4 protein chains.
Amino acid sequence: MAAPKTKRQQASQQRRQAILDAALDVFAADGFSAARLDDVAEKAGVAKGTIYLFFKDKEELFEQMVVAAISPVLARFEALAALETMPLDQMLDTLFTYFQAEVLATRRRDVIWLVLTEGRRFPHIAETYHRMVVSKGLGIIRRIAHNAYKRGEISWDGLERFPHLIFAPPLMALIWGGLFSTYQELDVADLLKTHRQLLMNAALPKPQEV
Amino acid sequence: MAAPKTKRQQASQQRRQAILDAALDVFAADGFSAARLDDVAEKAGVAKGTIYLFFKDKEELFEQMVVAAISPVLARFEALAALETMPLDQMLDTLFTYFQAEVLATRRRDVIWLVLTEGRRFPHIAETYHRMVVSKGLGIIRRIAHNAYKRGEISWDGLERFPHLIFAPPLMALIWGGLFSTYQELDVADLLKTHRQLLMNAALPKPQEV
Amino acid sequence: MAAPKTKRQQASQQRRQAILDAALDVFAADGFSAARLDDVAEKAGVAKGTIYLFFKDKEELFEQMVVAAISPVLARFEALAALETMPLDQMLDTLFTYFQAEVLATRRRDVIWLVLTEGRRFPHIAETYHRMVVSKGLGIIRRIAHNAYKRGEISWDGLERFPHLIFAPPLMALIWGGLFSTYQELDVADLLKTHRQLLMNAALPKPQEV
Amino acid sequence: MAAPKTKRQQASQQRRQAILDAALDVFAADGFSAARLDDVAEKAGVAKGTIYLFFKDKEELFEQMVVAAISPVLARFEALAALETMPLDQMLDTLFTYFQAEVLATRRRDVIWLVLTEGRRFPHIAETYHRMVVSKGLGIIRRIAHNAYKRGEISWDGLERFPHLIFAPPLMALIWGGLFSTYQELDVADLLKTHRQLLMNAALPKPQEV
DNA sequence: AATGAATGAGGCTTCATTCAT
DNA sequence: GATGAATGAAGCCTCATTCAT
């Protein structure tokens with residue numbers, strides 16, 4: 001926890017971080033199996049063997065990289081949770097704007113992508129990501145929906161039961177951006193704005209029985 | 001296109017199909033890079049060299065496998081398109097039920113998973129999938145929304161502009177099933193039913209300006 | 001057990017044997033750790049990967065090589081055992097002559113050397129060698145001594161209790177040849193002849209109490 | 001040669017000795033190639049780089065270590081040589097007892113083991129060991145035999161010509177202890193006592209012509 | 001056409017050695 | 001002197017691909 005004191009330790013931390021940064025790039029570009037540690041080392045500006053001073057093997061590098069990339073997200077979550085008293089519409093706007101600026105436009109997008117693409121073969125990654133990010137994120141959205149419900153902004157408990165419905169379109173935007181935007185552009189801002197309209201439209205009317 | 005005539009040709013086609021089936025299993029389990037052609041050959045019941053009689057290399061096998069797995073989906077799409085006159089609510093119910101039964105519970109789920117996880121490094125796959133499946137599927141949903149709009153079931157053009165909003169939750173269900181269901185179960189039927197309620201609730205009211 | 005029938009199988013057996021032969025040379029020259037499988041492959045006239053068609057890894061190659069080299073020795077042992085009725089002096093002469101011609105002057109010397117030098121870090125090798133060669137060999141020598149005792153050629157049970165005493169000088173000759181003969185020649189034939197004299201001299205006199 | 005004077009020099013000598021001690025342990029356990037200088041440094045309580053302050057490389061460390069371990073043996077040899085007037089039987093008893101107590105039960109056993117196992121690939125080691133230990137040791141034994149011959153205790157020159165015959169069984173005991181004692185115990189004291197009986201039995205009788 | 005033994009390029013990992021602190 | 005982080009050469013092993021049968 002404490003910041004390292006000596007120059008040696010600082011340099012060591014910087015090296016470790018450089019390796020993690022390079023690893024994110026390389027793993028995101030090639031996937032775990034196809035990624036070459038030579039590339040990671042070169043991009044990090046260290047020798048191949050240096051990686052092994054910090055990480056037992058390729059797998060541990062991968063897992064540590066994901067965990068390290070996740071950590072800062074958690075701090076942000078706390079801030080978002082503090083906004084739970086905001087009106088629903090404004091809250092959704094804040095959330096989606098944040099998602100576009102702080103996830104889709106940053107390396108965090110690559111982290112999520114790696115969790116998606118490699119999570120199945122790294123259950124530890126999937127489990128960690130679920131515990132540290134997904135369940136917390138859904139919990140926050142759920143509380144937002146719950147508060148809106150209590151305030152009378154929503155006359156329906158669907159969003160509270162399935163906060164996934166709020167997050168599904170942003171996730172789709174991320175996936176589209178990764179796979180299809182080359183072939184067909186997607187206006188993410190408009191998509192999310194329309195999603196917000198959808199949610200607000202559905203918020204108040206009495207739900208029809210299906 | 002024509003059905004093979006001679007027994008020899010039939011046997012060849014069966015071999016080819018066995019290889020494609022095995023490849024789907026193996027690629028889905030391990031990903032493209034980590035998958036071993038030894039495993040594909042063994043699972044298909046052929047010798048390793050036989051694979052190269054049908055496919056130039058590992059990459060072509062992968063791409064052909066995805067294309068072959070996509071094809072049958074297209075026929076289904078035609079059928080769905082024919083139901084475009086159905087009332088919106090019923091149509092959504094049909095769509096989601098179909099998705100659960102015919103995608104999530106079958107090997108088609110694995111195909112989509114592979115497109116998600118490998119599409120980035122196989123632009124040809126992503127492009128093909130987008131052209132043959134995604135754009136067609138979104139087109140169908142878009143027409144459904146359009147028809148409903150014309151019939152007065154929807155007083156809002158959001159779904160027509162972004163049919164993605166209809167498909168996002170089913171996609172999320174697929175992803176959740178692949179990554180997180182081990183750690184937290186998701187009631188997909190309930191999720192999709194709630195999604196349908198959301199869509200119907202939002203269908204008629206005048207959209208609020210955002 | 002059955003001889004391989006097809007040409008393919010024969011060629012395979014020859015390859016396997018070529019690898020084992022090369023492995024003996026390389027391991028004997030460099031020791032297990034320093035030996036390079038590249039060298040084994042080159043000397044065997046096969047590609048590096050071919051080794052792994054027959055042996056799981058370097059360690060298994062080493063162990064199989066020792067076992068394969070030991071096997072023929074056992075057949076010889078049976079022949080020696082059959083000579084147990086021979087007069088002691090003649091028997092010793094036969095034994096030592098055999099050892100010089102069939103061990104010291106052949107690759108079997110290298111096998112014993114490898115058991116000596118690597119046996120400690122390959123307990124499986126040491127155990128196998130002890131079970132298949134050492135205990136059997138000592139058993140034969142012991143019976144030889146026992147028979148000579150019964151026939152009155154020896155008036156003393158020392159050699160029966162410690163057949164090691166008969167084998168110790170041949171072993172020393174082997175070690176000397178491996179380590180010191182460059183610096184000081186050892187006349188092995190004379191050594192073993194003198195050893196035989198020693199044994200025969202000691203055979204009949206009443207042992208003095210020590 | 002001169003004892004170091006300053007504290008710094010003393011500390012340096014202690015470090016050097018600690019490294020040599022650790023090296024003996026590690027080399028004996030793993031062999032030259034498989035031994036890791038990391039382990040030597042850790043066991044010696046110094047940093048890895050410190051080893052290179054005293055020794056040019058791994059090979060020199062190994063050779064110096066063997067030489068250093070050999071030196072004390074030489075002093076003992078002088079003492080043994082002084083006993084050459086002792087009656088043969090008593091002399092052998094002293095020798096063998098010394099070997100059991102001062103070689104087999106100490107780290108000197110490991111040194112001999114290393115000379116055996118690595119001497120072939122370190123001719124310098126083998127040559128040094130031969131010159132400093134083997135030839136001197138055999139010389140002592142030879143003089144013992146010679147003196148006994150002159151005193152009439154032996155009526156035969158075999159042991160004088162091949163003092164190896166006296167040392168072979170102790171060497172075999174050492175080898176047996178390193179390789180096979182786990183699988184079959186060897187009573188070394190009894191073996192050597194029996195060996196002594198054998199030698200004494202053979203000492204006086206007129207040798208038969210072979 | 002089908003086989004599967006053989007190949008060898010390429011990646012992960014280790015560890016002797018160096019050198020800035 | 002002493003350290004130990006950093007280096008990078010080298011070796012084991014895998015596996016896509018080839019080709020003689």
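These numbers come from a predicted model, not from an experiment. A note on names: the letters A, B, ... follow the listed sequences, proteins ahead of strands, and every chain is numbered from 1.
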* Kindly say whether, by distance alone, the side chain of A/Lys58 makes a donor-acceptor pair under 3.5 Å with the base of E/dT13? => no

* **Presence of donor-acceptor pair under 3.5 Å, side chain of D/Lys48 and base of F/dT3** => no

* Looking only at non-hydrogen atoms, find the nearest pair between C/Asp30 and C/Asp39 and report the distance. => OD2-OD2, 4.5 Å

* Structure fact -> Closest to the side chain of D/Asp57, out of F/dC13, E/dT17, E/dA6, is E/dT17

* Asked: Under 3.5 Å, is there a donor-acceptor pair between the side chain of D/Lys58 and the main chain of D/Ser33?
  -> yes

* Asked: A/Ala35 near the nucleic acid: base, sugar-phosphate alone, or nothing, with a heavy-atom cut-off under 4.0 Å?
  -> sugar-phosphate

* To do: With a 3.5 angstrom cut-off on both distances, give the Watson-Crick or G-U wobble partner of F/dC15, or none if there isn't one.
  => E/dG8

* Between E/dA6, E/dA2, F/dG11, which nucleotide has the shortest distance from any of its atoms to the side chain of C/Arg36? -> F/dG11

* **C/Ser12 side chain to C/Arg8 backbone, donor-acceptor under 3.5 Å** => no

* **5'-most by nearest nucleotide on DNA chain E - B/Ala47 or D/Tyr52** => B/Ala47

* The side chain of A/Leu53 lies closest to which of these nucleotides: F/dC12, F/dA6, E/dA6? -> F/dA6

* Relative to the ring of A/Phe32, is the ring of A/Phe27 parallel (under 30°), tilted (30 to 60°) or perpendicular (over 60°)? -> parallel

* To do: Measure from CG on D/Asp30 to P on E/dT14 and round the result to the nearest Å.
  => 15 Å

* Asked: So what does C/Leu37 touch, heavy atoms closer than 4.0 Å: a base, only the sugar-phosphate, or nothing?
  -> sugar-phosphate

